[in-house]
Each structure stands twice: as structure tokens, then as C-alpha cells.
Amino acid sequence: MASGPGLPDSLVLEIFLHLPHKAVLSAGFTCRQWFAVSRDEFLWKELFYNYYCIPRSVPRHPAAESWYREFKRLYDCIPCVEVQTLKEHHDQVLHLAFSHRGHRFSSCSKDCTVKVWDTERSDGTISLIHSSSMRQFNWGYTQFSQFNADDTLLLVSGVYLGPHHSSSGEIAVISLENYTLLSRVRNKPYDVFGCWLNETHLISGNLHWIGNMTSCSVLWLNKAFQDIESENVNVVKRLFKIQNINASTIRTVMVAHCRRHDSPDLLLDYEAQSKAQAQRTQQHQPLVFDLGITDSEEEEDEDEERGEKRVSAHPPSFNLPGIQHVIHGHQSIAARERELETKVARLMGSRRTKAPDPNLVSPSAPGEGEDKTYLLFTTGSLTYSPHQIGIKRIMPDQMTTCGPVLGEERSTDEFFNSLDHVIDIHGHIIGMGLSPDHRYLYVNSRAWPAGCVISDPMSPPPIAEEIDLHVIDLKSLREERRSLRAHRAFTPNDECFFIFLDVSRDFVASGAEDKHGYIWDRHYNICLARLKHDDVVNSVAFSPADQELLLSASDDSTIKVWRSPRMVRLAEAPQHPLRSRKLLSSLLGRRSANLNGKP
């Protein structure tokens with residue numbers, strides 16, 4: 001019996017538009033006509049915007065080949081499948097860091113160990129290859145680690161054992177060839193963390209209190225190890241000396257290299273994307289990147305050495321009016337003393353600070369600034385909680401410890417270095433991370449109430465439970481787009497701690513206090529996945545060799561390994577399908593030859 005005429009393509013398309021994407025894909029295997037309609041670009045464009053709830057004003061990723069493949073990338077290439085749980089740590093895991101090649105990663109924990117792991121096992125699992133305890137150096141715990149540029153040295157940052165309000169820490173350098181300790185450097189406050197400037201030099205901090213509310217942060221360049229030449233060459237050099245007011249300090253230092261600012265992996269400005277794409281079309285230049293598609297420990301108040309009692313935070317629970325009057329009078333006097341100290345510190349700073357050079361970090365024109373190196377850090381000017389991002393340019397002559405130990409000579413009128421640029425976040429900063437091309441800085445913060453006024457630097461405004469993920473363009477030095485949201489935190493100002501985030505070519509991920517890690521797409525500004533733990537997620541890290549591999553570390557003492565659904569399918573597929581097909585083709589070829597050879 002002959003079948004009747006099929007449905008017209010327009011009607012099939014209209015039906016498919018009302019189906020979920022999985023049903024569309026299944027229906028596409030019914031016949032050739034439905035398969036062709038199931039791959040229609042208009043269909044997948046509608047499915048894409050509706051499924052991911054993306055505003056229509058947001059264009060497709062500039063490197064996407066089709067709407068179907070773009071839908072598949074966001075659905076299939078996100079590392080959201082838990083494939084392994086590492087339980088070798090015995091306390092809260094605070095930080096994770098990959099090597100630049102992606103073949104190793106390190107982890108730091110409250111158990112005071114730093115562990116190094118192998119990611120290149122033939123069976124695809126991750127295994128522990130080394131563990132070092134830092135207890136012998138009077139460390140309370142390890143909090144941060146970072147591989148140098150050629151993956152031969154590991155920087156490990158830790159916190160000294162001491163009083164609850166102690167702010168002292170240390171940085172150790174470990175050789176990854178034989179896991180020997182090469183050097184140790186003082187680091188204060190400990191949440192400066194430290195970072196590599198280049199393959200052989202690292203940056204640490206020191207803090208000197210000038211008054212109850214005023215201090216001086218000194219940032220030092222340190223040689224990672226002492227060799228034979230060290231007898232004649234300095235192993236340390238002062239980089240910058242910066243005045244802090246209102247109980248603020250410099251923390252969380254990191255280095256940004258501007259070599260790729262004019263050729264980033266991904267432009268986040270949609271208008272700039274369109275212009276760049278039009279230029280490539282005119283010049284017949286293909287896009288040079290693909291989309292991977294193939295069929296802290298708590299940040300404590302820095303009270304040491306300034307004797308802060310915080311009487312106003314916890315007044316005695318007496319009902320006597322006279323006692324209350326005395327308490328309020330004491331608070332008023334303390335507030336006036338702090339205000340007076342801040343005024344004196346500002347006056348001294350204005351007369352003893354080297355004037356900033358606006359050209360050092362001014363927005364670069366295309367083709368300029370290829371060799372700029374920035375030092376980024378959190379700081380503040382209104383209260384002790386970090387609410388600003390400071391930027392200092394590091395000049396070429398500051399890249400080594402050669403020259404005077406105290407840096408360039410300066411007059412008494414230039415006692416302090418000025419900040420080259422400051423970006424105010426209007427909230428408590430709890431995390432920072434650079435994109436792989438160092439073009440964009442991502443910042444976790446908990447916002448202050450709109451329009452709030454800070455009258456007492458020791459009583460910062462309340463902070464939101466929602467975490468805002470800001471995006472700052474380091475080329476234009478301005479905030480790009482709206483903040484990303486989904487993750488939450490619950491601790492108050494004086495208990496707020498660092499939550500580490502990480503950025504890959506296409507994604508950004510962060511931990512949170514709500515027992516989940518989160519992944520967003522950088523281009524579309526949408527949250528794509530939640531990664532479940534049993535406690536606070538402190539750190540996440542993408543493999544630089546494969547953004548479909550992500551790690552997350554938690555207060556539940558585990559490290560979880562996440563891979564994309566696509567990679568999980570590939571790992572579970574037969575190992576040698578091509579060899580089997582070749583063998584079958586060979587056998588069929590022989591049989592055909594034998595048949596043709598018969599008389």
C-alpha cells in the first residue's frame with residue numbers, strides 16, 4: 001500500500017518549535033525529511049534562546065559555526081559530571097591550582113599539607129604523587145599555591161600558628177623535580193597570599209603599623225632560590241611602599257601580563273565582537289580559536305599591633321543608664337580619635353607620596369602596551385574590609401632583584417608610592433581571578449547597601465548574601481557588562497573569607513558558602529551548572545589543557561573531579577572502534593577479492 005504525501009517542511013518545523021530539544025533530536029531519526037528539519041538553523045536559534053533564557057539582544061558566540069553546535073556546546077561540554085572524589089586530605093581543602101601544562105595540580109588544606117596530583121594517568125583517573133607537611137615550620141595550615149611559568153617550582157603560602165588575631169604568614173618554594181624546599185619568605189598579612197612575577201622571582205608582603213588605624217604595606221620581590229651567583233646579587237628587592245588608612249591593608253596580590261590584550265581569547269564587548277568579526281570577514285581571516293566541539297581560610301580582622309578592643313560591637317549587658325552613658329561616651333571619643341588619625345594620615349600621605357603617572361596604566365590604543373605588567377591587589381580607603389582593587393605597573397627594571405635592595409632612590413618627600421589606578425567595587429571583595437589571556441579580571445564581592453555612608457571604619461556596612469561576580473576589562477580599566485549572580489555566602493563582615501574562582505577560555509567558575517560550585521558561560525553571562533558538595537566550596541580550578549575538566553575543593557575535606565558529558569561518553573566508549581571498522585573493511589575486501597577470483 002503506497003503511503004500518502006508527507007507533511008510539508010513548514011508544518012514539521014512549526015511542530016518542532018513546540019517540542020523540547022531532546023524530542024526534536026529523537027524525532028529527527030524518523031525519516032530523512034524530519035532529520036533535515038531537525039537541523040534547521042532557525043529552529044535551533046529559537047530553542048537556544050528559549051532553553052537558556054538568554055536575551056535576544058545577545059548575539060551568538062563569534063566563533064560558533066551554527067546554532068545547533070552552539071546549543072550542543074553549552075549542553076554537552078560543561079564539566080558538570082562528577083567522576084571522582086579525592087579524600088586524601090583530612091581537613092578543609094582551601095585552594096586548588098593547576099600547572100600551566102595541566103599535567104599536575106596542587107591542593108592546600110587546614111591539615112597543613114600541600115599535595116601534588118597527577119592528571120595524566122592512562123585510565124583517566126587522578127592520583128596523589130606527593131604530600132608535604134608544613135607543621136615543622138610552625139605553620140597552622142596551607143592556604144594557597146601556584147606553579148611558576150615553566151612548572152618547575154611551586155609557591156606555597158601558609159599561616160603561622162599563633163593568636164586568633166595574628167596576621168603573620170610565610171611563603172615556601174618547593175622544587176617539583178625532587179620536592180625539596182628551596183626557600184622560605186615572610187609574608188604579612190598572610191592574605192597577601194603571594195604570587196610569581198616570572199619563572200624565578202615571587203612577590204610577598206610586609207606590614208608596619210604607624211598608628212591604630214594607619215599602616216604601611218611593603219611589597220617585596222624575592223628570588224625563589226639562592227644559587228652560586230647569590231653571593232654577589234641581591235635575593236630581595238623592595239617593589240612598592242604604600243600607605244594604608246582606616247585600618248585597610250593590601251591583600252591578594254596577583255600579576256597580569258598585557259601581551260595578549262589586543263588578541264584575547266574572547267571579547268566580552270558585543271559591539272567590539274561585531275567589528276572584529278567584520279574585519280576578519282573583509283580580510284578573509286578565520287577565527288583562531290575553536291569551541292571544543294567534535295561530533296580562605298577566613299579573612300580575620302588585622303587587629304595585631306593596633307590593640308583594637310571593639311567595645312562598640314559587644315557592649316556590656318547592663319541596664320544602668322549611667323553605664324550606658326559612659327559606654328556611649330567612650331565610643332564617641334574613640335570615633336573622634338580614629339577620625340583625627342585618618343585626617344593626619346591623609347595629610348602626611350599627601351606630602352610624602354610620590355605623584356602618580358597617569359600614563360602608566362592609561363587605556364591602551366590598539367597595538368600599544370604589549371609589554372605592560374600590572375600588579376593587582378585588594379585594598380581600601382573607607383574601612384578595613386577590602387572594597388577596592390589597586391593597580392600598580394611593574395616596570396622592566398623591577399623584574400629582577402638586581403640593583404638597590406630598597407629599590408629606586410627617593411627623597412623624603414616621596415616616602416610612599418601612589419597607586420596608579422583604583423577601582424571601587426562598593427562591597428566586600430572575597431575573590432579574584434584572571435582570564436587566561438589576562439585581559440579580564442573577575443571579582444567576587446558581597447555588595448554594601450546602595451547609598452550607604454561609612455562613618456566608622458571599624459563598622460563597615462552589612463554585606464549582601466548574594467555574591468556578585470564583576471568583570472573588569474584591564475585594557476579599558478572599566479567594568480564590563482553586568483555582574484554575574486547565582487552563588488551565595490552567609491558569614492558577616494568580620495568572619496568573611498576568601499572564595500577562589502577560576503576562568504577558562506569560555507567559562508568562569510566559583511565556589512560558594514551554599515555548598516555548591518557554579519559555572520557560567522563568559523559570552524552569554526548565564527549560569528550553566530551547580531556542583532554539589534556537603535559543605536562550603538572554597539576553590540575551583542579548570543585544567544588549562546582541557547576546560548572540560550574542573551576541580552572543586554570543599555570544607556567537607558574532599559576534592560571532586562568533574563568532566564563534561566561529552567568526555568564521559570568518550571571515556572565509556574569502546575577503546576578501538578576505528579580499528580574494528582578497519583578490520584571489518586579488510587575482511588570484506590578480502591572476501592570480495594576471493595569471490596572475484598573464482599572461475
Side-chain angles (χ1 to χ4, degrees), residues 157 160 165-171 185-195 197 202-222 234 236-254 299-308 337-357 360 374-395 398 401 404-422 429 457-458:
S157 176
Y160 276 140
H165 290 303
S166 173
S167 63
S168 296
E170 191 174 55
I171 296 172
V185 177
R186 177 85 181 271
N187 192 43
K188 182 180 178 180
Y190 59 79
D191 47 8
V192 168
F193 293 116
C195 66
L197 176 60
L202 60 100
I203 296 173
S204 66
N206 202 354
L207 183 67
H208 306 279
W209 286 100
I210 303 172
N212 290 327
M213 307 286 293
T214 311
S215 64
C216 173
S217 288
V218 182
L219 297 173
W220 293 90
L221 183 66
N222 309 268
N234 297 328
V236 297
K237 182 168 71 174
R238 188 173 68 192
L239 285 177
F240 306 114
K241 190 174 184 178
I242 298 170
Q243 183 194 41
N244 305 308
I245 60 173
N246 284 327
S248 64
T249 60
I250 285 179
R251 315 178 189 184
T252 321
V253 297
M254 59 177 57
E299 287 186 357
E300 299 173 349
D301 300 339
E302 305 304 327
D303 298 335
E304 185 187 30
E305 298 181 40
R306 61 181 141 102
E308 179 208 346
E337 288 178 349
R338 289 196 288 263
E339 185 178 355
L340 178 61
E341 180 181 327
T342 299
K343 289 181 178 179
V344 173
R346 288 185 188 275
L347 180 62
M348 182 182 72
S350 64
R351 295 181 176 180
R352 294 289 186 266
T353 300
K354 183 178 180 180
D357 183 350
L360 289 180
Y374 292 156
L375 181 66
L376 313 174
F377 46 84
T378 63
T379 183
S381 61
L382 302 176
T383 178
Y384 68 82
S385 62
H387 56 276
Q388 294 175 327
I389 297 167
I391 302 178
K392 283 292 295 180
R393 183 174 174 185
I394 302 176
M395 305 305 290
Q398 295 177 300
T401 54
V405 172
L406 298 182
E408 62 178 8
E409 294 184 5
R410 64 185 75 192
S411 65
T412 54
D413 293 335
E414 297 179 345
F415 188 77
F416 299 113
N417 295 101
S418 58
L419 301 186
D420 294 329
H421 192 76
V422 176
I429 298 172
M458 300 314 301

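What you see is a predicted model, and the numbers here were worked out from it, not measured in a lab.
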Is any side-chain heavy atom of Ile250 closer than 4.5 Å to one of Thr378?
no
Once rounded to the nearest 0.5 Å, what's the spacing between atom OG of Ser168 and atom OH of Tyr160?
7.5 Å
To the nearest 0.5 Å, tell me how far Leu197 CG sits from Ile203 CD1.
5.0 Å
Side-chain donor or acceptor of His387 paired with backbone N/O of Ser385 under 3.5 Å
yes
Determine whether a donor-acceptor pair (N or O, by modelled atom type, separation under 3.5 Å) exists between the side chain of Thr401 and the backbone of Val236.
no
Roughly how far, to the nearest 0.5 Å, is the CZ atom of Phe416 from the CG atom of Asn244?
9.0 Å
Side-chain heavy atoms of Met213 within contact of Ile245, under 4.5 Å:
no
Using atom types as modelled and distance alone, determine if a side-chain donor or acceptor of Thr214 lies under 3.5 Å from a backbone N or O of Gly211.
no
Answer yes or no: is there a side-chain heavy-atom contact under 4.5 Å between Leu419 and Ile391?
no
Just wondering, do Gln398 and Leu221 contact through their side chains at under 4.5 Å, heavy atoms?
no
Between Met458 and Thr383, is the side-chain contact (heavy atoms from CB on, under 4.5 Å) condition met? List the steps.
CA-CA 6 Å; Met458 300 314 301; Thr383 178; over 6 Å; no
State, yes or no, whether a side-chain contact exists between Phe377 and Thr249 at a heavy-atom distance under 4.5 Å.
no
What's the spacing between Ile242 CD1 and Leu207 CG if we round to 0.5 Å?
12.0 Å
Can you tell me how far apart CG (Leu375) and CE (Met254) are? Round to the nearest 0.5 Å.
10.0 Å
Would you find a donor on one side and an acceptor on the other, under 3.5 Å apart, between the side chain of Asp420 and the backbone of Arg393?
yes
With no hydrogens and no angle check, is any side-chain donor or acceptor of Asn187 less than 3.5 Å from a backbone partner on Gly205?
yes
Side-chain donor or acceptor of Asp191 paired with backbone N/O of Arg251 under 3.5 Å:
no
Determine the minimum heavy-atom distance between Cys216 and Lys241, stating which atoms define it.
SG-CG, 3.3 Å
Donor-acceptor pair, distance only, cut-off 3.5 Å: does the side chain of Ser167 make one with the backbone of Pro189?
no
Heavy-atom side-chain contact between Glu170 and Val185 under 4.5 Å:
no
Polar side chain donor-acceptor pair, Ser204 to Asn222, under 3.5 angstrom:
yes
I'd like to know if the side chain of Ser248 reaches the main chain of Gly380, judged simply by a donor and an acceptor atom lying under 3.5 Å from each other, with no hydrogens or angles considered.
yes
Please confirm whether the backbone N or O of Ser418 pairs with a side-chain atom of Lys392, one donor and one acceptor, at under 3.5 Å?
yes
